[in-house]
A.B. asks: 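Before I ask anything, let me first share the structure, which is written out below as structure tokens.
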Amino acid sequence: MVAGPKKLHIKTFGCQMNVYDSERMAEALGPLGYAPTKHMAEADLVILNTCHIREKAAEKVYSELGRVREMKEMRRQYGLATKVAVAGCVAQAEGAAMIARAAVVDLVVGPQSYHRLPQLLAEMDVAKGGILATDFPAEDKFAHLPERPLTRAQPSAFVTVQEGCDKFCTFCVVPYTRGAEFSRPVAAILAEVARLAEAGSREITLLGQNVNAYHGQGPDGRVWSLAKLLRRLAQVPEIERLRYTTSHPRDMDDELIQLHGDEPKLMPYLHLPFQSGSDRILAAMNRKHTAQAYTGLIGRIRAARPDIALSTDIIVGFPGETDADFEATLRLVREVGFAQAFSFKYSARPGTPAADLPGQVEAAVAGGRLQSLQSLIEESTRAFDAGLVGRSLPVLIERKGRKPGQVTGRSPYQQPVHTDGSDRLIGQIVEVDIVAAGQKSLTGVIKSGFEWREPIQAAV
Ligand code: SAM
Ligand code: SF4
């Protein structure tokens, strides 16, 4: 293939799994001569990697396509051609409707067809109208994407190990847009982590829509659990930290809970969505757990790892939610004391069972509940962060800070930590005395006596 000076701009919406997919798409297009650019105006190929989880997210894509259309027109006046692709879950869900609604789109490509991008680009050169590629099996994608390059990798990298979902919560589009649950084989994950480690990554976050439902084929021919996979990854010497997200309460088994107690490389942070504190609403959501089962689970996790930082997702205004149901959600937030929480106003997604339920909650009522919930979450987060002031924490330095002479990293509990320091520290874990807790981050001072050391493996 001939390398050329072509530019690629990818704009990513939504979750970390989309961030990972965008990286892999850029890598798949590298051999065709596409180099990434941050500026859309420079791009010969624009990809919007979209999210369909809430209504606003899909609308954001259509308004972004308006801006892309203007950019394409401007470039056309300078004699420059621009190809436009829409990827991700909006692409999967909208399919041909997107090509009909937004003529600027040349290609609609679903999350399981990214490995076909080079071939689809060639087809775009000769096609008259927009091209649709929304086939399903995830196996094909992972088997055919190119290996991760051995160029400099982020100190903290994502690796998707599981995709799709069979749980069918009544509010959620994921089972329809990402398809059935699929776990990548252990050997493929180990190979990817080894390459990332060699390229300089020190922390790996395993990703999946239901990551703790992981059940991939092991090299021994048996099915491996997420706990077994994490234990194996902990043996990779360069990898100093492991995380995983997002988990479902039902798949949080004893083996995984125990691992939080005895594997020092597994960070003391867990994102475990509970969605609602009301059993009636949980049943209508098809969550298959009760509020008590959730708090019981939290008790067992804290028994294994008392300092663990807990995070969650919560939906307010699900159809039929009363003030009493919402109160139950607030009670659960108070009881657990989350270090972090993401809260959403219920958004009816076409094609999901909840969209047709009676008792849709008025937007103003749901908005008021969201505000009260967010104030409570803020209090909880502030209390957790304030408890870290005065402690000394190991921080993985990830990038330069906003101010000159500053660097930013993450604590074991996942908060960003700002500290004065040289950018030669990027990729290293340093001991930091935490001196203050801000809105969404901590500030600290690198412990005196800390010495800079050469990275374990020089990044290429
Ligand atoms: N698999 C994860 C779980 O079971 O908790 C969640 C994955 S989903 C991509 C992320 C979050 O988006 C959910 O936990 C839920 O809180 C929120 N979400 C999903 N569908 C939603 C909807 N229709 N309206 C509002 N929030 C929604
Ligand atoms: Fe969606 Fe998560 Fe429920 Fe699956 S388990 S349907 S991804 S909210």
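All ligand and atom numbering here is 1-based and tracks the order in the structure. These numbers were taken from a predicted model, which means no experiment stands behind them. Start at 1 with the first residue, then count along the sequence. Side-chain atoms are counted along with the backbone in the values below, which use heavy atoms only and exclude waters and symmetry mates.
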A.B. asks: Is it the side chain, the backbone, both or neither of Q275 that has a heavy atom closer than 4.0 Å to ligand 1?
C.D. replies: side chain

A.B. asks: Does this structure show an ion pair linking E255 with K228, if we count only N-O contacts that are shorter than 4.0 Å?
C.D. replies: no

A.B. asks: Quick test: of every protein heavy atom, which one is nearest to atom 4 (Fe) of ligand 2, and how far off is it to 0.1 Å?
C.D. replies: C165 SG, 2.2 Å

A.B. asks: Parallel, tilted or perpendicular: which one describes the rings of Y294 and F338, with boundaries at 30° and 60°?
C.D. replies: tilted

A.B. asks: At a non-hydrogen distance cut-off of under 4.0 Å, which region of N210 contacts ligand 2 (side chain, backbone, both, or neither)?
C.D. replies: side chain

A.B. asks: Considering V173, D251, I53, which one's heavy-atom position lies nearest to atom 19 (C) of ligand 1?
C.D. replies: I53

A.B. asks: Return the orientation label for the F384 and Y413 ring planes: parallel under 30°, perpendicular over 60°, tilted otherwise.
C.D. replies: perpendicular

A.B. asks: Can you check which of R250, M285, H248, R178 brings a heavy atom nearest to atom 5 (S) of ligand 2?
C.D. replies: H248

A.B. asks: Going by a strict under-4.0 Å cutoff (protein heavy atoms only), does atom 7 (C) of ligand 1 have a neighbour on the protein?
C.D. replies: no

A.B. asks: What part of R287, side chain, backbone, both or neither, has a heavy atom within less than 4.0 angstrom of ligand 1?
C.D. replies: side chain

A.B. asks: With respect to atom 3 (Fe) of ligand 2, please indicate if C169 possesses an N, O or S atom at a distance under 2.8 Å.
C.D. replies: yes

A.B. asks: Give a yes or no on whether a salt bridge exists between E123 and K83, defined as a side-chain N under 4.0 angstrom from a carboxylate O.
C.D. replies: no

A.B. asks: Among protein heavy atoms, which sits nearest to atom 1 (Fe) of ligand 2, and what does the distance come to when rounded to 0.1 Å?
C.D. replies: C172 SG, 2.3 Å

A.B. asks: Which option, D313, T352, I314, owns the non-hydrogen atom nearest atom 13 (C) of ligand 1?
C.D. replies: D313

A.B. asks: Identify the heavy atoms of R243 and S411 that sit nearest to each other, and give their distance.
C.D. replies: NH2-O, 3.1 Å

A.B. asks: For this output row, return yes or no: ring centroids of F168 and H248 closer than 6.0 angstrom.
C.D. replies: no

A.B. asks: Got a salt bridge between E198 and R195, using NZ or NE/NH1/NH2 to carboxylate O under 4.0 Å?
C.D. replies: no

A.B. asks: Between K167 and E181, is there a salt bridge with N-O shorter than 4.0 Å?
C.D. replies: yes

A.B. asks: How does P273 reach ligand 2, by side chain, by backbone, by both or by neither, if only non-hydrogen atoms under 4.0 Å count?
C.D. replies: neither

A.B. asks: Is there a nitrogen or oxygen of S247 sitting under 3.5 Å from a nitrogen or oxygen of ligand 1?
C.D. replies: no

